[in-house]
Visitor: 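The structure's right below; bear with me while I get my questions together.
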Amino acid sequence: MVFKVSKVSTTPIDGQKPGTSGLRKKVKVFIQPHYLQNFVQSTFNALTPEKVRGATLVVSGDGRYFSKDAIQIIIKMSAANGVRRVWVGQNGLLSTPAVSAVIRERVGVDGSKANGAFILTASHNPGGPHEDFGIKYNMENGGPAPEAITDKIFENTKTITEYLIAEDLPNIDISTIGVANFLGPEGQFDVEVFDSAGDYVKLMKSIFDFELIRKLLSSSKFTFWTLLILWIKLYYSWLKSAHRIFVEELGAQESSLLNCVPKEDFGGGHPDPNLTYAKELVARMGLGKSDSAVDPPEFGAAADGDADRNMILGKRFFVTPSDSVAIIAANAVDAIPYFSSGLKGVARSMPTSAALDVVAKNLNLKFFEVPTGWKFFGNLMDAGLCSICGEESFGTGKNLQNILMRQALTIYENLNGDKLVTVEDIVRQHWAIYGRHYYTRYDYENVDAGAAKDLMACLVKLQSSLDEINSIVKGARSDVSNVVNADEFEYKDPVDGSVSKHQGIRFLFEDGSQLVFRLSGTGSEGATIRLYIEQYEKDSSKTGRDSQGALAPLVEVALKLSKMLEFTGRSAPTVIT
């Protein structure tokens, strides 16, 4: 059929500024007339018509509520804006890492390569008719749009007067693999629905030694493996890949994968892999408040809505994300085939603990500290400066899942002897070599936005006087070291020279401890204040303490410095990680 292009008049809608990872709002906001269309057209306009015409775009996401409708809208707008073809993962499902893999690796039957992607996800935020939806744009490198582009998108949303759409284009059946062909004013337009797991599984097999992992799973030494991999209802878009990798490729029992029924509301759960929201997994791994008569598995893992955050647990043992990325970096060359030739460098987000810094120094690796947001890591990777990166919010990068990385480390260790080397063993071995960074994060969610800004402004003002800061510190806890530096983190990108300011408020202590305060850009309403608390311990005889007990003095100081209760009315955080 030949479709027509319609120009639909519209007016700017307030509040369409992308956060650290796209635009996130409640579903009720996105379903307003013109809301999604305004943002999509503003994105096309930011990319410029020259780059949009003839392009190949990927459109998929985590399958949350409103995704299917949004995919149809974006397909029709892509056709109207001159896009040559759209690739959609079957049922509209692609995790964020899988989208990156498709952009970078997939080649169409006609030799086409993707130029970018609209990813429909609100990541770790809840899904459902009354919850959150989100959209973000990834560039031709597979990474998030840089600030130069997201700033243009936002400016465009404030001046938009019309959008283009092919309203008479029929809806595409995204449940069936195949290609639909159409003709429009600018020629051919195709929509291809493809296997949403194939490209990602191919990439994983190029990174890990699947044969070695399969050998472990078939060994009588590991007959309990069906209990090792625990996936709780914290993701949707990675279901097909998880089944393909663990069951079809590695030979694990299907019972290893729990809660694998896709639901647009994530089964009513909160898709954020942490100790608060992953209660089912935490209890199963022996970390719940009540003891279970059932012996916990040795290994557990959870992922968020779009599978770019992940949590690792051992038997009665929690691995902090900061430790996780440091351990990966310390072991990657020996444990992971993909990195056997060495690491180019490592990077972490500023609020993440300095555990990775210590590894980088010991291994003489290039090290980068960046603001929160994967777009900053992408620049470093594309420039060949970084191989492994991560952040404290359970994200780990180089187009791979920390879950598989952790498995690989455990497997390589275990094949060297008869004794089972547990997740806890690996972490404690790391602490013995590099020391331990006691670390926790307090999240105060849905705080009044005005109150949150006032709290941050008060902290900035306080930073002008170290004497006043240390007076407050000693008044709260005399056993806490003095603050020797206080600033707002600012980052100059070594690749493109761009400068990112106001990225978090830091208090650095004489003994290497630090406090960080920042406002999260991933919520859909209100504000989320994140408080990061870290204390470094080099003495191996002191690395086995309870984390919350070790950090209690610093927590007390942080709450006093920030006047958290006074500004927010909150006597306790929503989430403690």
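All heavy atoms count here, side chains included; hydrogens, waters and symmetry mates do not.
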Visitor: Decide whether Asp511 and Ser513 meet the rule of one side-chain donor and one side-chain acceptor closer than 3.5 Å.
Guide: yes

Visitor: For the residue pair Glu534 and Ala354, what are the closest heavy atoms and their distance?
Guide: OE2-N, 2.9 Å

Visitor: Please check if atom CG in Asp14 has more than 12 non-hydrogen atoms from other residues, nucleotides or ligands closer than 6.0 Å.
Guide: no

Visitor: When you compare the side chain of Leu561 with that of Ile469, does any pair of heavy atoms fall below 4.5 Å?
Guide: yes

Visitor: Can a donor-acceptor pair be found between the side chains of Thr121 and Asp62 at a distance below 3.5 Å?
Guide: yes

Visitor: Please report the shortest heavy-atom distance between Val499 and Lys492, naming the atom on each side.
Guide: CG2-CG, 4.1 Å

Visitor: Would you call Ser500 and Val370 a side-chain contact if the rule is heavy atoms closer than 4.5 Å?
Guide: no

Visitor: Which pair of heavy atoms, one from Ile207 and one from Pro337, lies closest together, and at what distance?
Guide: O-CD, 3.5 Å

Visitor: Do we see a donor-acceptor contact under 3.5 Å between the side chains of Gln503 and Thr372?
Guide: no

Visitor: Taking the side chain as every heavy atom from C-beta outward, state whether Met381 and Cys389 have any pair of such atoms under 4.5 Å apart.
Guide: yes

Visitor: Do Met564 and Leu559 come close enough that some side-chain heavy atom pair is under 4.5 Å?
Guide: yes

Visitor: Looking only at heavy atoms, what is the nearest atom pair of Tyr338 and Ser206, with distance?
Guide: CD1-O, 3.8 Å

Visitor: Tell me whether Arg104 contacts the main-chain N or O of Glu140 through its side chain, where contact means a donor paired with an acceptor under 3.5 Å.
Guide: no

Visitor: Measure the CG-CG distance between Asp487 and Leu508 for me, rounded to the nearest 0.5 Å.
Guide: 6.0 Å

Visitor: Using side-chain heavy atoms (C-beta onward) and a distance below 4.5 Å, is Leu120 in contact with Arg64?
Guide: no

Visitor: Which heavy atom of Gly314 sits nearest a heavy atom of Val423, and at what distance?
Guide: CA-CB, 3.8 Å

Visitor: Side chains of Pro553 and Val557: does their closest heavy-atom pair fall under 4.5 Å?
Guide: no

Visitor: Does the pair Glu424/Arg428 count as a salt bridge with the N-to-O cut at 4.0 Å?
Guide: yes

Visitor: Tell me, do Val346 and Val359 make a side-chain contact under 4.5 Å, heavy atoms counted?
Guide: no

Visitor: Say whether, by atom type as modelled, one donor and one acceptor occur between the side chain of Asn470 and the main chain of Val473 under 3.5 angstrom.
Guide: no

Visitor: With no hydrogens and no angle check, just 3.5 Å: does a side-chain donor-acceptor pair link Asn156 and Asn45?
Guide: no

Visitor: For the residue pair Tyr532 and Tyr439, does the interplanar ring angle fall in the parallel (under 30°), tilted (30 to 60°) or perpendicular (over 60°) class?
Guide: tilted

Visitor: Quick one: do Arg348 and Glu369 make a salt bridge, cutoff under 4.0 Å?
Guide: yes

Visitor: Taking Asp443 for its side chain and Glu445 for its backbone only, find out whether a donor-acceptor pair lies under 3.5 Å.
Guide: no

Visitor: Has the side chain of Asp496 got a donor or acceptor atom that lies under 3.5 Å from a matching backbone atom of Ser498?
Guide: yes

Visitor: Using side chain to side chain contact (heavy atoms under 4.5 Å, CB included), reason through Leu554 and Phe509 one step at a time and then give a plain yes or no.
Guide: CA-CA 10 Å; Leu554 277 174; Phe509 293 76; 4.0 Å; yes

Visitor: At what distance, to the nearest 0.5 angstrom, does OH of Tyr536 lie from CD of Gln514?
Guide: 13.5 Å

Visitor: Is there side-chain contact between Arg530 and Arg441, with heavy atoms separated by less than 4.5 Å?
Guide: yes

Visitor: Salt bridge or not between Glu131 and Lys26? Use side-chain N to carboxylate O under 4.0 Å.
Guide: yes

Visitor: Apply side chain to side chain contact (heavy atoms under 4.5 Å, CB included) to the pair Leu385 and Lys344, showing each step before the final yes or no.
Guide: CA-CA 6 Å; Leu385 298 174; Lys344 298 172 182 177; over 6 Å; no

Visitor: Indicate whether any N or O donor in one side chain lies under 3.5 Å from an N or O acceptor in the other, for Thr422 and Asp425.
Guide: yes

Visitor: For the NZ atom on Lys474, are there more than 12 heavy atoms of other groups (residues, nucleotides or ligands in this structure) within a distance under 6.0 Å?
Guide: yes

Visitor: Could you walk me through whether His437 and Gln535 pass the side chain to side chain contact (heavy atoms under 4.5 Å, CB included) test, one step at a time?
Guide: CA-CA 6 Å; His437 291 257; Gln535 180 175 312; over 6 Å; no

Visitor: Is a donor on one side and an acceptor on the other found under 3.5 Å between the side chain of Thr43 and the backbone of Phe39?
Guide: yes

Visitor: Cation-pi check for Phe368 against Lys366: NZ or CZ below 6.0 Å from the six-membered ring centre and within 45 degrees of the axis, yes or no?
Guide: no

Visitor: Just by distance, do the side chain of Asp323 and the backbone of Val319 share a donor-acceptor pair under 3.5 Å?
Guide: no

Visitor: Thinking salt bridges, do Asp132 and Lys25 make one under a 4.0 Å N-O criterion?
Guide: no

Visitor: With distance as the sole test, does Ser562 use its side chain to make a donor-acceptor pair with the main-chain N or O of Ala558 at under 3.5 Å?
Guide: yes

Visitor: Could Glu556 and Arg477 be called an ion pair, given the rule that one side-chain N must be under 4.0 Å from one carboxylate O?
Guide: yes

Visitor: Would you call the rings of Tyr491 and Phe376 parallel, tilted or perpendicular if under 30° counts as parallel and over 60° as perpendicular?
Guide: perpendicular

Visitor: Between the side chain of Ser42 and the main-chain N/O of Asn38, is any donor-acceptor distance below 3.5 Å?
Guide: yes

Visitor: Is it true that, when you exclude Asn364 itself, more than 12 heavy atoms of the residues, nucleotides or ligands shown sit nearer than 6.0 Å to its CG?
Guide: no

Visitor: Can you tell me how far CG of Leu565 sits from NZ of Lys560, rounded to the nearest 0.5 angstrom?
Guide: 10.5 Å

Visitor: Verify, without hydrogens or angle tests, whether Tyr434 (side chain) and Ala326 (backbone) share a donor-acceptor contact under 3.5 angstrom.
Guide: no

Visitor: Is there a side chain to side chain contact (heavy atoms under 4.5 Å, CB included) between Thr568 and Lys563 once you walk through the steps?
Guide: CA-CA 8 Å; Thr568 69; Lys563 302 179 181 177; over 6 Å; no

Visitor: Let me confirm one number: the NE2-CZ distance from His430 to Arg436, rounded to the nearest 0.5 Å.
Guide: 11.5 Å

Visitor: Taking atom OG1 of Thr574 and atom CZ of Arg570, what is their separation to the nearest 0.5 Å?
Guide: 5.0 Å

Visitor: Using a 6.0 Å cut-off, check whether atom NZ of Lys158 has over 12 heavy atoms from anything other than its own residue.
Guide: yes

Visitor: So, the side chain of Asn138 versus the backbone of Gly142: is there a donor-acceptor pair under 3.5 Å, distance only?
Guide: yes

Visitor: Measuring from Arg506:CZ to Gln463:CD, what's the distance to the nearest 0.5 Å?
Guide: 9.5 Å

Visitor: Any chance the side chains of Ser540 and Thr543 put a donor and an acceptor closer than 3.5 Å?
Guide: no

Visitor: Nearest heavy-atom pair of Val495 and Ala383: which atoms, and what distance?
Guide: CG2-CB, 3.7 Å

